[in-house]
Amino acid sequence: MPELPEVETTRRGLAPHLTGRRIAGFAVHDRRLRWPIARALPGQLAGQRINAVERRAKYLLLRLDHGTLILHLGMSGSLRVLDAGTPRLKHDHYDLVLEGKRTLRFNDPRRFGCCLYTTAPPERHRLLRRLAPEPFDPAFGGAYLQRIARRRKVAIKLLIMNGQLVTGVGNIYASEALFHAQVRPRRAARSLSGAECAALARAIRKVLRASIRSGGTTLRDYTNAEGSPGYFRQRLYVYERAGQPCRRCHTPIRQFTQGQRSTYWCPTCQH
DNA sequence: ATGGGCACCTGGCTGC
DNA sequence: TGCAGCCAGGTGCCCA
């Protein structure tokens with residue numbers, strides 16, 4: 001499910017409800033996630049204040065008094081702020097109960113999400129320490145992309161989906177960004193010119209920013225912290241549009257498989 | 001170091 | 001209706 005825009009939309013929805021609030025308790029309903037929820041967690045979290053809600057790549061970071069909660073939504077996870085008495089649903093995994101009457105509830109049918117706690121600086125955590133710069137960081141841009149692409153022969157689409165090299169771009173926005181940059185997804189990374197790298201870096205930023213403005217993309221089950229869908233789906237140019245006319249030139253959009261994921265592209269607009 | 005492929009899951013849809 | 005098969009927004013890890 002969620003790529004950077006969906007996680008950022010979730011972060012923005014959660015922040016006003018969580019920031020400055022104290023954690024009254026932590027209830028585990030189903031500890032089976034990508035890594036099982038630690039049994040010690042409720043004892044570690046109770047009484048701590050949430051000082052900030054941040055995002056790094058597709059991870060959400062809840063900064064607490066004595067540590068950081070590292071949350072990931074995986075493919076199908078969602079976080080919602082609810083009244084504490086709201087009946088639970090299938091696949092609810094935990095409640096971070098806030099002081100007052102509200103609770104942060106995590107639901108994740110496929111269980112690819114995670115909920116980890118660290119008392120060390122989170123940027124040094126093994127899941128975060130090798131992540132590439134954020135796309136909106138000044139360190140990311142055409143020159144950066146050209147440097148990492150220069151010697152690699154992987155397909156450019158797989159390169160921009162590699163979190164160690166480019167952050168926050170998942171399967172939807174990889175196809176979309178390549179369309180806007182007019183670059184074919186199968187091209188070897190090292191075959192891109194400086195101008196193409198610059199165009200691709202711009203396209204990645206543009207697509208992510210536009211999607212955040214629309215509240216992200218809801219394909220099937222993504223909802224934000226309030227339970228509302230995102231509206232960027234209407235602005236997708238190629239993703240899940242195989243056989244439909246290109247919005248720019250009317251050529252039918254094509255689909256093929258790359259790294260076990262679907263890729264969409266326009267054979268006329270992309271070179 | 002790089003690249004390729006698998007694994008981890010459930011649910012929804014399609015077609016027989 | 002039932003069931004098999006396929007697909008889905010991520011990413012860590014193992015192997016060559």
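Labels below follow one simple rule: chain letters A, B, ... track the order of the sequence lines, proteins then strands, and each chain is numbered from 1.
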Answer with base, sugar-phosphate or nothing: what part of the nucleic acid does [X] contact at a heavy-atom distance below 4.0 Å?
X: Arg126(A); answer: sugar-phosphate
X: Tyr59(A); answer: sugar-phosphate
X: Ser262(A); answer: sugar-phosphate
X: Gly163(A); answer: nothing
X: Tyr173(A); answer: nothing

Rounded to the nearest 0.5 Å, what separation is found between the SG atom of Cys269(A) and the CZ atom of Arg247(A)?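 The SG atom of Cys269(A) sits 12.5 Å away from the CZ atom of Arg247(A).
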
Separation between CD of Glu196(A) and CG of Leu178(A), rounded to the nearest 0.5 Å: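 If we round to the nearest 0.5 Å, Glu196(A):CD and Leu178(A):CG are 10.5 Å apart.
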
Test applied, side chain to side chain contact (heavy atoms under 4.5 Å, CB included); reference residue, Leu104(A); option that passes from Val81(A), Val97(A), Asp95(A), Ile23(A):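 Exactly one pass, corresponding to Val81(A).
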
Among Leu165(A), Ile160(A), Val166(A), which one satisfies side chain to side chain contact (heavy atoms under 4.5 Å, CB included) with Asn162(A)?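 Option passing the side chain to side chain contact (heavy atoms under 4.5 Å, CB included) with Asn162(A): Leu165(A).
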
How long is the line joining [atom1] of [X] and [atom2] of [N], in whole Å?
X: Arg32(A); N: dC9(B); atom1: CZ; atom2: C1'; answer: 9 Å
X: Leu73(A); N: dG10(C); atom1: CG; atom2: P; answer: 11 Å
X: Leu158(A); N: dG3(B); atom1: CG; atom2: C1'; answer: 10 Å
X: Phe112(A); N: dT11(C); atom1: CZ; atom2: P; answer: 12 Å
X: Gln258(A); N: dG9(C); atom1: CD; atom2: P; answer: 13 Å
X: Gln164(A); N: dG3(B); atom1: CD; atom2: C1'; answer: 13 Å
X: Leu33(A); N: dC9(B); atom1: CG; atom2: P; answer: 11 Å
X: Arg31(A); N: dC9(B); atom1: CZ; atom2: P; answer: 16 Å

Whether [X] contacts [N] is assessed here as follows: a side-chain N or O lying under 4.0 Å from the phosphate OP1 or OP2. Is that the case?
X: His72(A); N: dG10(C); value: no
X: His91(A); N: dG11(B); value: yes
X: Lys90(A); N: dG11(B); value: yes
X: Arg152(A); N: dT2(B); value: yes

Of all the nucleotides listed (dG12(C), dG11(B), dG9(C)), which has the minimum atom distance to the side chain of Leu219(A)?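 From the listed options, dG9(C) comes nearest.
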
Proximal nucleotide (of dG12(C), dG10(C), dG9(C)) relative to the Trp35(A) side chain: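 Ranking dG12(C), dG10(C), dG9(C) by closest atom to the Trp35(A) side chain puts dG12(C) first.
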
Has the side chain of Arg110(A) got a donor or acceptor that lies under 3.5 Å from a partner of the other kind on the base of dC9(B)?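 Counting by modelled atom types and ignoring angles, a donor-acceptor contact under 3.5 Å is found here.
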
Donor-acceptor pair under 3.5 Å, Arg34(A) side chain vs dT11(C) base: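 Donor-acceptor pair under 3.5 Å: yes.
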
Any carboxylate oxygen within less than 4.0 angstrom of a Lys/Arg side-chain nitrogen, looking at Glu240(A) and Arg233(A)?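 A salt bridge is present here (some side-chain N lies under 4.0 Å from a carboxylate O).
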
Closest approach of Glu226(A) and Arg80(A), non-hydrogen atoms and distance?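 Closest approach of Glu226(A) to Arg80(A), heavy atoms only: O-NH2, 3.4 Å.
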
Between dC6(C) and dC6(B), how many Å separate the two P atoms, rounded to a whole number?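 That atom pair is separated by 14 Å.
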
Residue met sooner reading DNA chain B from 5', once Lys153(A) and Gln260(A) are mapped to nucleotides: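 It is Lys153(A), whose closest nucleotide lies nearer the 5' terminus.
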
Base partner of dC9(B), which must satisfy Watson-Crick or wobble distances under 3.5 Å: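 Matched dC9(B) with nothing under the 3.5 Å cut-off.
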
Considering Watson-Crick and G-U wobble pairs with both distances under 3.5 Å, what does dG9(C) pair with?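 Matched dG9(C) with nothing under the 3.5 Å cut-off.
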
